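Please read these numbers as outputs of a predicted model, since none were measured by experiment. Here is the naming used below: chain letters follow the sequence lines, and residue numbers restart at 1 for every chain.
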Amino acid sequence: QKEVEQDPGPLSVPEGAIVSLNCTYSNSAFQYFMWYRQYSRKGPELLMYTYSSGNKEDGRFTAQVDKSSKYISLFIRDSQPSDSATYLCAGERANNLFFGTGTRLTVIP
Amino acid sequence: DVKVTQSSRYLVKRTGEKVFLECVQDMDHENMFWYRQDPGLGLRLIYFSYDVKMKEKGDIPEGYSVSREKKERFSLILESASTNQTSMYLCASSLTSTGAYEQYFGPGTRLTVT
């Protein structure tokens with residue numbers, strides 16, 4: 001069993017929609033939780049990170065962690081075509097990152 | 001801006017060849033990582049290094065080795081390439097071990113072994 005599970009999608013939404021991306025994890029030792037965004041033919045880039053449980057907001061993006069249910073979420077408000085990418089969730093343990101498989105998102109103009 | 005560069009974007013090698021993938025970062029980061037990315041499997045850690053001449057095995061080190069002779073450079077070596085090593089290889093770096101959650105990735109090398 002992978003330490004971080006993520007629905008691979010693909011997910012297609014119309015421009016302006018609210019997008020919800022979700023992951024589950026199995027390792028209680030994770031302290032930091034990250035969302036990386038990967039555009040086609042590029043390396044991943046850090047979008048947001050959260051320490052322990054709670055919410056974190058950055059513009060149109062909100063990251064949410066519920067450690068009691070081992071659930072990680074990313075919400076994108078007012079989605080734009082430029083948000084079309086693969087989104088990777090990750091947990092951090094012992095200074096290493098454990099990634100989900102990624103969800104491919106397409107925002108249709 | 002942190003820049004992580006990888007020596008090749010695309011590489012085609014034959015089975016049994018020795019393959020070198022080079023990665024250079026320009027921000028004096030202590031930690032460097034090598035991953036491979038495959039559809040349905042995501043990113044998997046091959047090796048990482050916290051300092052010059054240091055190396056640690058990740059989840060899938062078999063068939064690979066690494067070298068870190070200088071702080072800015074981390075090389076991945078496939079001693080005898082096999083077709084199951086066809087993949088996208090991504091190098092990453094982070095400032096310190098306590099900031100490992102923020103990794104900066106290179107553009108990747110798509111390696112095909114025929």
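- The structure places CG of Leu43(B) at 12.5 Å from CZ of Phe98(A), a figure rounded to the nearest 0.5 Å.
- Both Val13(A) and Leu21(A) sit in one connected hydrophobic cluster of ILVMFWY residues. Membership requires side-chain heavy atoms under 4.5 Å apart, directly or through other members.
- Heavy-atom distances place no part of Gln6(A) under 4.5 Å from chain B, backbone and side chain included.
- Each of Arg41(A), Glu45(A), Lys2(A) has some count of heavy-atom pairs under 4.5 Å with chain B, and the biggest count is that of Arg41(A).
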Does the side chain to side chain contact (heavy atoms under 4.5 Å, CB included) test come out yes or no for Tyr35(B) and Leu97(A), once each step is laid out?
CA-CA 11 Å; Tyr35(B) 296 88; Leu97(A) 302 188; 4.0 Å; yes

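- Atoms OH and CZ, on Tyr36(A) and Phe105(B) in that order, are 5.5 Å from each other to the nearest 0.5 Å.
- A distance of 9.5 Å separates CD in Gln103(B) from CG in Leu46(A), rounded to the nearest 0.5 Å.
- Residues Leu45(B) and Val66(B) fall into different hydrophobic clusters, defined by Ile, Leu, Val, Met, Phe, Trp and Tyr side chains chained together at heavy-atom separations under 4.5 Å.
- Residues Phe33(B) and Tyr89(B) do not share a hydrophobic cluster, defined by chaining ILVMFWY side chains whose heavy atoms lie under 4.5 Å apart.
- When heavy atoms are compared at a cutoff of 4.5 Å, Pro44(A) approaches chain B by way of both its backbone and its side chain.
- Looking at Ala90(A), there are no atoms closer than 4.5 Å to chain B (heavy atoms on both sides), in backbone or side chain.
- Interface remark: Gln37(B) contributes side-chain atoms only to the contact with chain A (heavy atom separation under 4.5 Å).
- The number of heavy-atom neighbours closer than 6.0 Å to CZ of Arg104(A), taken from other residues, nucleotides and ligands shown, is 12 or below.
- Following chains of ILVMFWY side-chain contacts shorter than 4.5 Å, one can reach Tyr32(A) starting from Phe99(A), so the two form part of one hydrophobic cluster.
- To the nearest 0.5 Å, atoms CD (Glu102(B)) and CD (Glu92(A)) are separated by 12.5 Å.
- Interface remark: Arg9(B) contributes side-chain atoms only to the contact with chain A (heavy atom separation under 4.5 Å).
- Environment of CZ in Phe75(A): crowded, with over 12 heavy atoms of neighbouring residues, nucleotides or ligands closer than 6.0 Å.
- Remark: Asn96(A) CG to Asp59(B) CG distance equals 8.0 Å, nearest 0.5 Å.
- Grouping the Ile, Leu, Val, Met, Phe, Trp and Tyr side chains by contacts below 4.5 angstrom, directly or via other members, places Leu111(B) apart from Val4(B).
- Arg110(B) CZ: 12 or fewer foreign heavy atoms inside a 6.0 Å radius.
- Within the model, atoms OG1 of Thr101(A) and CG of Asp38(B) stand 12.0 Å from one another, a figure rounded to the nearest 0.5 Å.
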